[in-house]
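Take a look at the structure below.
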Amino acid sequence: MKTTLFSIFLLLGGSMLAQPAYDYSKLKREKLDRGVIAIRHSADSVYVSWRYLSEDAMDTGFHVYRDGKRLTDKPLLTTTGFTDYNPGTAAARYSVEPVSAAGDKQPLSGSYTLPANAPLGYLNIPLDVPEGGTPISGRPYTYVPNDASIGDVDGDGQYEIILKWDPTNAHDNAHDGYTGNVYFDCYRLDGTKLWRIDMGKNIRAGAHYTQFMVFDLDGDGKAEVVMKTSDGTVDGKGKIIGDPNADYRSPEGRILTGAEYLTLFSGETGEALHTIDYVPQRGNLQDWGDRRANRSDRYLACVAYLDGVKPSVVMCRGYYTRTVLAAFDWDGKELKQRWVFDSDEPQWASYAGQGNHNLRVGDVDGDGCDEIIYGSCAIDHDGTGLHNTLMGHGDAMHLTQFDPSSPRLQVWDCHENKRDGSTLRDAVTGELLFQVKSPTDVGRAMAADIDPTSYGVEMWTWESGGIRNFKGEVVNPDMKTISVNMAVWWDGDLLRELLDKNIVSKYDWVEGVCKPLTVFEGAMSNNGTKSTPCLQGDIIGDWREEVLLRIEDNRSLRLYVSGIPTAYRFHTFLEDPVYRISIATQNVAYNQPTQPGFYIGPDLKKGSIFRGYLIK
């Protein structure tokens with residue numbers, strides 16, 4: 001039998017344990033291919049992995065071939081990975097063939113050609129580095145690969161990478177100074193560059209200025225790119241948006257006046273397909289909290305299934321004071337405004353000042369439509385307020401199912417007000433499930449199931465008094481070696497690993513410390529002390545996650561793929577909308593790791609709830 005759309009199953013020893021919680025069959029989603037990847041992981045071994053899709057029959061197994069020769073004696077039924085020993089160093093074409101229990105070939109086979117003498121552990125993606133320059137300030141700058149996103153821009157079922165280039169003189173909103181232009185490139189995984197967009201002199205460089213959404217918004221199978229633009233932005237075909245001679249930079253290097261646009265670009269060509277006025281316009285700067293654009297130029301963005309069928313793009317402005325979210329739909333010809341949420345409206349006045357440096361999206365109330373977790377508050381799918389804790393701004397948060405016995409989603413959030421510390425709350429009602437108050441600015445928060453002796457997902461901050469479970473109980477009071485930056489499913493078990501800089505670490509629950517598991521030598525992280533990769537998530541191959549990092553000279557990216565065998569197979573997490581959108585929003589301001597809309601971890605066993613259904 002075939003599984004239903006967006007269902008995710010866990011196979012342990014070949015038996016089905018779970019069924020989907022929600023019917024996502026109405027959602028228009030990506031058409032993914034098999035996602036085959038082959039990575040050399042030692043001098044005498046190549047690890048091949050591929051996607052297990054929800055449209056695959058439950059009894060589907062897989063044969064693996066090298067250059068047409070079958071390597072598997074029997075179809076692989078409980079894993080989507082295979083180690084090929086002693087394959088040689090010549091180029092090799094690996095292919096995967098799905099077969100039924102009766103031996104019948106199934107659709108959606110796939111292949112990947114491993115280059116000769118391929119590097120160990122990663123896929124190398126060469127880059128076209130933009131030429132640096134010297135701004136009005138007189139200090140030369142160069143370019144560094146920064147945040148990235150993924151999208152199938154040409155409809156072939158494979159992801160391309162959309163990469164933001166930041167100049168070395170990029171600035172936080174709090175600081176004055178001229179910056180170089182921001183660029184966006186689109187690359188295939190082999191390094192082929194499809195296009196480059198030049199944001200122009202009227203878009204300042206920094207973490208809070210340009211949030212870029214990459215998603216197939218009209219359901220034609222090809223992803224679009226949406227972001228804020230201005231006069232002088234040059235699209236991927238060389239066309240200039242607006243007035244090419246306009247220069248809105250102030251003597252301090254800020255953008256305090258001038259045109260503000262929202263542009264949707266073709267993901268395939270980089271062409272600007274439609275440009276409208278950005279909503280909301282900056283208006284009077286003081287209305288946002290100051291006169292130097294520190295508050296008015298704080299932008300967020302996300303993708304959300306607001307009608308339960310098609311994805312919308314939501315562009316946001318402000319979170320320290322006035323807060324505005326504007327939702328738009330793309331029908332293939334024009335952007336149409338769906339709704340605007342504005343804290344200047346009297347009924348939403350209390351929502352001002354509640355946003356974070358990031359946001360989360362998911363159907364938290366089970367109505368088939370997505371809500372937006374906007375820091376300490378939440379916005380319903382219809383553009384009205386859903387809940388508001390009044391705990392103000394924070395730097396990090398996580399949305400997922402923390403309690404394996406309940407399908408409800410929760411939010412782990414940290415707060416900057418030197419009072420409320422960190423909180424776990426219900427994602428629908430905002431009800432506090434537990435709180436760790438703190439007189440300090442709690443700047444980081446992490447959530448991941450790293451301890452099999454503790455039930456459910458663990459969470460922590462530097463000021464939370466240790467690692468806690470979802471009941472607020474301290475699991476480990478010692479935080480000396482525990483990272484609060486990023487997380488990744490890497491080593492093949494059901495626990496999550498921690499990612500900090502270029503190191504993947506494993507939590508030792510016996511000793512209560514983290515120990516390095518993998519070091520990506522020669523690779524670099526981004527964004528200062530936040531130490532984030534260009535991207536982290538399930539980009540290709542099996543259900544585990546890849547890490548995309550730049551190399552030290554910034555001339556290429558490396559896509560690191562785990563070669564550790566795993567005994568588990570899942571339908572790719574990319575088919576879960578909460579998870580897929582968490583990849584799309586990872587580049588927003590202070591990057592946060594992916595989180596699925598379901599519990600995944602060692603507590604998946606009989607009697608627990610997985611995707612809302614009892615595991616039998």
Side-chain angles (χ1 to χ4, degrees), residues 1-12 14-38 48-65 72 75-82 94-102 104-112 150-152 154-160 189 215-216 219 221-223 311 489 537-546 561-562 566-584 594 596-598 600 610-611 613:
M1 79 175 180
K2 293 264 185 176
T3 58
T4 57
L5 207 58
F6 282 113
S7 62
I8 295 181
F9 293 86
L10 172 65
L11 297 184
L12 291 176
S15 61
M16 186 178 75
L17 295 182
Q19 296 183 24
Y22 306 115
D23 179 13
Y24 292 126
S25 60
K26 295 181 180 179
L27 298 189
K28 292 186 177 181
R29 60 174 183 138
E30 298 165 307
K31 181 69 175 179
L32 299 172
D33 73 357
R34 188 57 69 188
V36 179
I37 185 70
V48 185
S49 68
W50 58 93
R51 294 184 182 120
Y52 175 46
L53 301 165
S54 61
E55 61 190 87
D56 291 327
M58 287 303 299
D59 62 0
T60 297
F62 297 92
H63 278 305
V64 180
Y65 296 79
T72 46
L76 302 175
L77 294 170
T78 61
T79 185
T80 48
F82 178 81
Y94 286 91
S95 57
V96 171
E97 179 185 70
V99 296
S100 70
D104 300 324
K105 294 181 180 179
Q106 302 293 306
L108 275 179
S109 58
S111 65
Y112 176 80
I150 54 172
D152 178 7
D154 53 11
D156 63 356
Q158 301 176 15
Y159 285 130
E160 282 73 42
L189 292 183
F215 220 81
D216 179 9
K222 298 180 180 181
W489 279 287
D538 183 10
I539 299 171
I540 201 167
D542 63 26
W543 60 273
R544 290 172 300 170
E545 297 181 304
E546 286 70 54
V561 181
S562 177
T566 176
Y568 306 103
R569 81 174 184 182
F570 292 89
H571 290 149
T572 173
F573 291 1
L574 295 164
E575 295 186 300
D576 171 60
V578 176
Y579 182 88
R580 179 62 183 91
I581 291 172
S582 76
I583 290 182
T594 54
F598 52 86
I600 175 71
F610 187 48
R611 298 289 304 207
Y613 281 69

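Only a predicted model underlies this, so the values are computations on that prediction, with no experimental measurement involved. Just so you know, these numbers use all the heavy atoms, side chains as well, and skip hydrogens, waters and symmetry mates.
- A salt bridge does not link K222 with E160: none of the charged nitrogens is closer than 4.0 Å to a carboxylate oxygen.
- Not counting sequence neighbours, the partners of D542 by the salt bridge (Lys or Arg N to Asp or Glu O under 4.0 Å) test are R544.
- The closest side-chain heavy-atom distance from P577 to L27 is below 4.5 Å.
- No side-chain heavy atom of H571 sits less than 4.5 Å from a side-chain heavy atom of E55.
- You'll find the side chain of R51 stays beyond 4.5 Å of the side chain of V36, heavy atoms only.
- Contact between T594 and G537 at its shortest, heavy atoms only, is CG2-CA, 4.2 Å.
- Counting only distance, with no hydrogens or angles, the side chain of R569 and the backbone of L77 share a donor-acceptor pair below 3.5 Å.
- Checked against ring-ring contact (aromatic ring centres under 6.0 Å, His included), Y579 has the following partners two or more places apart in sequence or in another chain: F573.
- Residue A57 comes nearest to Y52 through the heavy atom pair O-OH, 4.0 Å, listed as atom of the first residue, atom of the second, then distance.
- Note that CD of E30 is 14.5 Å distant from NZ of K28, once rounded to the nearest 0.5 Å.
- Between T60 and P98, some side-chain heavy-atom pair lies under the 4.5 Å cut-off.
- Taking each heavy atom of D576 and G597 in turn, the nearest pair found is OD2-N, 3.0 Å.
- Between G151 and A223, the closest heavy-atom pair is CA-CB, 4.0 Å.
- Checked against side-chain contact (heavy atoms from CB on, under 4.5 Å), T72 has the following partners two or more places apart in sequence or in another chain: H63, V64, R70, L76, F82.
- Using modelled atom types, one side-chain atom of W543 and one backbone atom of Y568 make a donor-acceptor pair closer than 3.5 Å.
- Taking the six-membered ring for Trp and the full ring otherwise, F62 and W50 have centroids separated by under 6.0 Å.
- When all heavy atoms of S49 and G541 are compared, the pair lying nearest together is OG-CA, 3.4 Å.
- Contact between Y159 and I539 at its shortest, heavy atoms only, is CD1-O, 3.3 Å.
- Between the side chain of T79 and the backbone N or O of T566, at least one donor-acceptor pair lies under 3.5 Å.
- Taking Y94 as the reference, nothing meets the ring-ring contact (aromatic ring centres under 6.0 Å, His included) condition, with sequence neighbours excluded.
- Remark: E546 pairs with no residue by the salt bridge (Lys or Arg N to Asp or Glu O under 4.0 Å) rule, at least two apart or across chains.
- Side chains of V48 and Y112 form no contact here, defined as non-hydrogen atoms less than 4.5 Å apart.
- Comment: D538 does not engage R580 in a salt bridge, judged by the lack of any side-chain N to carboxylate O separation of less than 4.0 angstrom.
- Residues meeting the salt bridge (Lys or Arg N to Asp or Glu O under 4.0 Å) test with D152, sequence neighbours left out: none.
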